[in-house]
Amino acid sequence: EFKDGNVLFEIMEKSIWGKATNDSAGLLKQYNENKSKYLWAASANVILFNCSNKTVAEAARKALLTGKDWKQVSEEANNTLQADSGRFELSQIPIAINPKSPAGFITEIIVNPADGTAGFAKIINQYGEGLQRSFEEAKGLVINDYQFILEEKWISELKKKYPVKINESVFQSLLKQ
């Protein structure tokens, strides 16, 4: 089974996953023909802060509130804080963000009771739902959809080349057991 699994993995990598990832023309065509699938839900450009504990989070949040640059806060934290910026759909952000919060707003600190880590976010901009994602913003979704199309096409070709034939008498004998 392990050997068969490895063979299947290699075939899938060659025929589906790698092909979809490397076919830039096919990906762009997929995106352009299906733009309506690649829309943003309500989203925001945010900086997410993950801190080793609440004390670190409180110090970082206080520094940001006094106007200190987030990169400087991150650098001075001696690896007790990680910060990451990007545009995320509000449902993907681990910290609840009020859609009416203004740019520059810093959320309250949330402490994870399981391990004591703490986090918060700084909002850069917020966007309503239904805005078009650029090709680059949608690329992961486009690749996933394109892989699905390639896989369906490949399976269809396999079914044509190797049609399934059921030996009806053997099948009926199995049902009687």
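Throughout, residue positions are numbered sequentially from 1 according to the sequence presented. Quick caveat, the model's predicted, so the values are computed rather than measured.
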Give a yes or no answer on whether the side chain of N53 reaches the backbone of V56 with a donor-acceptor pair at less than 3.5 Å. yes
| request: Please report the C-alpha distance between Y38 and D145 in whole Å, then the side-chain angles of each, then the deciding distance to 0.1 Å, and finally whether the side-chain contact (heavy atoms from CB on, under 4.5 Å) criterion is met. | output: CA-CA 11 Å; Y38 307 115; D145 290 347; 2.6 Å; yes
Backbone N/O of N98 and side chain of S101: donor-acceptor pair under 3.5 Å: yes
To the nearest 0.5 Å, atom CD of E75 lies from atom CH2 of W70 at 9.5 Å
dist E137:CD -> L39:CG (nearest 0.5 Å) comes out at 11.5 Å
Closest heavy-atom pair, T107 versus I97, reported as atoms and distance to 0.1 Å, is CG2-CG1, 4.2 Å
For this session: Mind running side-chain contact (heavy atoms from CB on, under 4.5 Å) on D84 and I47 for me, showing each step along the way?
Result: CA-CA 5 Å; D84 189 22; I47 305 166; over 6 Å; no
Are Y146 and T21 packed together at the side-chain level, in the sense that at least one heavy-atom pair is separated by less than 4.5 angstrom? no
Q.
Could you see if Y31 belongs to whatever hydrophobic cluster contains L141? Use Ile, Leu, Val, Met, Phe, Trp, Tyr and a side-chain cutoff under 4.5 Å.
A. yes
| Is the shortest distance from a Lys or Arg side-chain nitrogen in R133 or E89 to a carboxylate oxygen in the other one below 4.0 Å? | yes
For this session: Please lay out, stage by stage, how Q30 and I149 fare under the test side-chain contact (heavy atoms from CB on, under 4.5 Å).
Result: CA-CA 10 Å; Q30 171 68 22; I149 290 166; 3.1 Å; yes
Check whether more than 12 heavy atoms from other residues, nucleotides or ligands sit under 6.0 Å from atom CD of Q82, and answer yes or no.
-> no
Rounding to 0.5 Å, atoms CZ (F9) and NZ (K14) come to a distance of 14.5 Å
Checklist line | side-chain contact (heavy atoms from CB on, under 4.5 Å) between L65 and I106, worked out | finding: CA-CA 8 Å; L65 287 169; I106 300 173; 3.8 Å; yes
Problem set entry | V164 and K159, any side-chain heavy atoms less than 4.5 Å apart | no
Under 3.5 Å, is there a donor on one side chain and an acceptor on the other for N22 and S24? no
Side-chain donor or acceptor of S173 paired with backbone N/O of V170 under 3.5 Å: yes
Heavy atoms of C51 and A57 approach each other most closely as SG-CA, 3.6 Å
For K68, I'd like to know if atom NZ has over 12 heavy atoms of other residues, nucleotides or ligands within 6.0 Å. yes
Do W40 and R87 have side chains that get closer than 4.5 Å, going by heavy atoms? yes
Could you check if a side-chain atom of F105 sits within less than 4.5 angstrom of a side-chain atom of K122, using non-hydrogen atoms only?
no
N79 atom CG, over 12 foreign heavy atoms within 6.0 Å
no
Is there side-chain contact between L81 and N50, with heavy atoms separated by less than 4.5 Å?
no
- Task: Report yes if the side chains of Y127 and N45 come closer than 4.5 Å at any heavy-atom pair, otherwise no.
- Result: yes
Open item on the list: For residues W17 and L150: do they belong to one hydrophobic cluster (side chain heavy atoms under 4.5 Å, members Ile, Leu, Val, Met, Phe, Trp, Tyr)?
Closed with: yes
>> Before you tell me yes or no, could you show the steps for E108 and R61 under salt bridge (Lys or Arg N to Asp or Glu O under 4.0 Å), namely the whole-Å CA-CA distance, both residues' side-chain angles and the distance that decides it to 0.1 Å?
In response: CA-CA 9 Å; E108 294 299 319; R61 187 174 186 276; 3.4 Å; yes
Rounded to the nearest 0.5 Å, the CZ atom of F88 sits from the CD1 atom of I95 at a distance of 11.0 Å
Could K19 and E13 be called an ion pair, given the rule that one side-chain N must be under 4.0 Å from one carboxylate O?
no
I'd like to know if the side chain of Q147 pairs up with that of E151 as donor and acceptor (distance under 3.5 Å, no hydrogens or angles considered). no
To the nearest 0.5 Å, atom CD1 of I109 lies from atom NZ of K54 at 6.5 Å
Here the gap from N6 atom CG to I11 atom CD1, rounded to the nearest 0.5 Å, amounts to 11.0 Å
Margin query: If hydrophobic clusters are built by linking Ile, Leu, Val, Met, Phe, Trp and Tyr wherever their side-chain heavy atoms come under 4.5 Å apart, do F120 and I93 end up in the same one?
Written below: no
*asked:* With no hydrogens and no angle check, just 3.5 Å: does a side-chain donor-acceptor pair link T117 and D115?
replied: yes
* **Path from Y162 to V7 over hydrophobic side-chain contacts below 4.5 Å** => yes
Residues, nucleotides or ligands: over 12 heavy atoms within 6.0 Å of E129 CD: no
Self-check item: Shared hydrophobic cluster for L27 and M12 (ILVMFWY, side-chain gaps under 4.5 Å)
Solution: yes
Practice task
Decide if atom CG of L174 counts as having more than 12 heavy atoms of other residues, nucleotides or ligands within a radius under 6.0 Å.
Solution key: yes
(message) Taking the side chain as everything from C-beta on, heavy atoms only, tell me whether S43 gets closer than 4.5 Å to Q126.
(response) no
Report yes if the side chains of I124 and V46 come closer than 4.5 Å at any heavy-atom pair, otherwise no.
no
